[in-house]
Amino acid sequence: MSFRGVTKVFPRGIRALADFCLDIADGEFLVIVGPSGCGKSTTLRMLAGIEEPTSGRVFIGDTDVTGLDPGDRDVAMVFQNYALYPHMTVFDNMAFALRMRGESRAEIDRRVSEAAGILGMEGLLGRRPRDLSGGERQRVAVGRAIVRKPAAFLFDEPLSNLDAKLRLQMRSELARLHARLGATMIYVTHDQAEAMTLGDRIVVLRDGVVQQVAEPLALYERPVNAFVAGFIGTPAMNMFRVRCRSGAIEPLEAAADLGRADLPDGEYIMGVRPEDVSVGGAGIPASVELVETLGNEKIIYLATPGGLQFVARCSPSFGARQGDAVTVGLPAGKAHFFDQSGERIARDA
Ligand SMILES: Nc1ncnc2c1ncn2[C@@H]1O[C@H](COP(=O)(O)OP(=O)(O)O)[C@@H](O)[C@H]1O
Ligand SMILES: [Mg+2]
């Protein structure tokens, strides 16, 4: 599947996607992630054929599908709001597309019960959507896609309407489903944790422009710019505007000694992941503003007397309390540096 230079401009000049180029491998789980309004749904809808590109071509397999109707593309889309038929049973919801396609009754029965088996909802086939929980409705929506055996599954924020616990459960179910079916899945979300856990590869989109396409760990370890660095990871990467003079790093907004880096003199954005901040030991003096105890870790919010603020991820046994005076290390060796426009400085050979 591929996008070749796809641009979408809506009336009144709203550009939802700019010159999008991407090849998606067969069987890949590709996640498109970005803030609300960045063009994720539009991208997916152009793959489904619900929206037409302003320019560029869309391919499914080797076929140019750019002008084809949704029904003539072998894809199945799962929406955030499920879009079930309220007056139909679960069985009929799942059977609908197959009936429209003129499949035999035996084939429909076979496919629906197979999908119900995969999703563990054999017992729900006679119910109507209003008698289902949110998670069950979501499963029906997925089941409706499975029965069609599409070349690709398109998911548009399918878990957004679920509560936190169910979201995690459905997330792992989707990962298992992908492993079991081996199908190509394109999954759109604003949630970076979903992107990181589900994606073979992740596309980060901002204002319709691709920022980076990479595997999850590469995205985390080598974000190409300050936007990606700040978007991927929670708590977010600490960012400081700094000046580098003869190798010494000084924050612009507060007095502190942030160590040394092998950089030409100039101004940069320095980013340090919360887990790379060391609390205790050698470093700059800071006070603990807030401690969040999460069981498996503690998130500690810190401030220096000079007004520098940052977040550290510590072990749960770390005994800091609000108001404590501590010392903090921001190791320049683990820091990410970006130029003033936000582009990553390539320091690593
Ligand atoms: N039918 C439409 N008409 C005009 N503008 C639209 C339409 N659909 C989406 N947009 C605009 O295109 C941009 C991208 O929208 P969308 O793809 O829905 O973003 P996302 O799914 O990432 O939240 C937004 O600015 C949105 O307002
Ligand atoms: Mg959307």
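Just follow the structure's listing: the first ligand is 1, and inside any ligand the first atom is 1. Because only heavy atoms are used, hydrogens play no part in the values below, and waters and symmetry mates are left out as well, while side chains stay in.
- Taking the charged nitrogens against the carboxylate oxygens, E253 and R241 do have a contact shorter than 4.0 Å, which makes a salt bridge.
- The nearest heavy-atom contact from the protein to atom 3 (N) of ligand 1 is F10 CD2, 3.5 Å.
- You'll find the side chain of D324 reaches within 4.5 Å of the side chain of R321, heavy atoms only.
- Checked by distance only, ligand 1 and E51 stay at 3.5 Å or farther apart across all their nitrogen or oxygen atoms.
- Of the protein's heavy atoms, S41 CB, 3.8 Å lies nearest to atom 18 (O) of ligand 1.
- Taking the six-membered ring for Trp, Y187 and F29 have ring centres closer than 6.0 Å.
- Classification of R99 and D92 as a salt-bridged pair holds, one side-chain N sitting under 4.0 Å from a carboxylate O.
- Protein heavy atom closest to atom 17 (O) of ligand 1, with residue, atom name and distance, is T42 OG1, 2.5 Å.
- Close approach of ligand 1 to G37 is summarised as follows: ligand atoms under 4.0 Å from at least one heavy atom of the residue are 13 (C), 14 (C), 19 (O), 20 (P), 22 (O), 23 (O), 24 (C), 25 (O).
- Inside a 4.0 Å radius of atom 12 (O) of ligand 1 there is at least one protein heavy atom.
- T234 places no side-chain N or O within 3.5 Å of a backbone atom of A236 that could act as its donor or acceptor partner.
- At a cut-off of 2.8 Å, Q80 is not counted among the residues with an N, O or S atom near the Mg ion (ligand 2).
- Put simply, no part of G34 is less than 4.0 Å from ligand 1, judged by heavy atoms.
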Show your working on salt bridge (charged side-chain N to carboxylate O under 4.0 Å, His left out) between R111 and E107 and close with a plain yes or no. CA-CA 6 Å; R111 290 217 198 167; E107 179 66 7; 2.8 Å; yes
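- Using a 4.0 Å cut-off between charged side-chain N and carboxylate O, E52 and K8 make no salt bridge.
- Comparing P11, A16, S36, G39 by heavy-atom distance to atom 19 (O) of ligand 1, the nearest is G39.
- Within the 4.0 Å heavy-atom criterion, the part of I14 lying near ligand 1 is the side chain and not the backbone.
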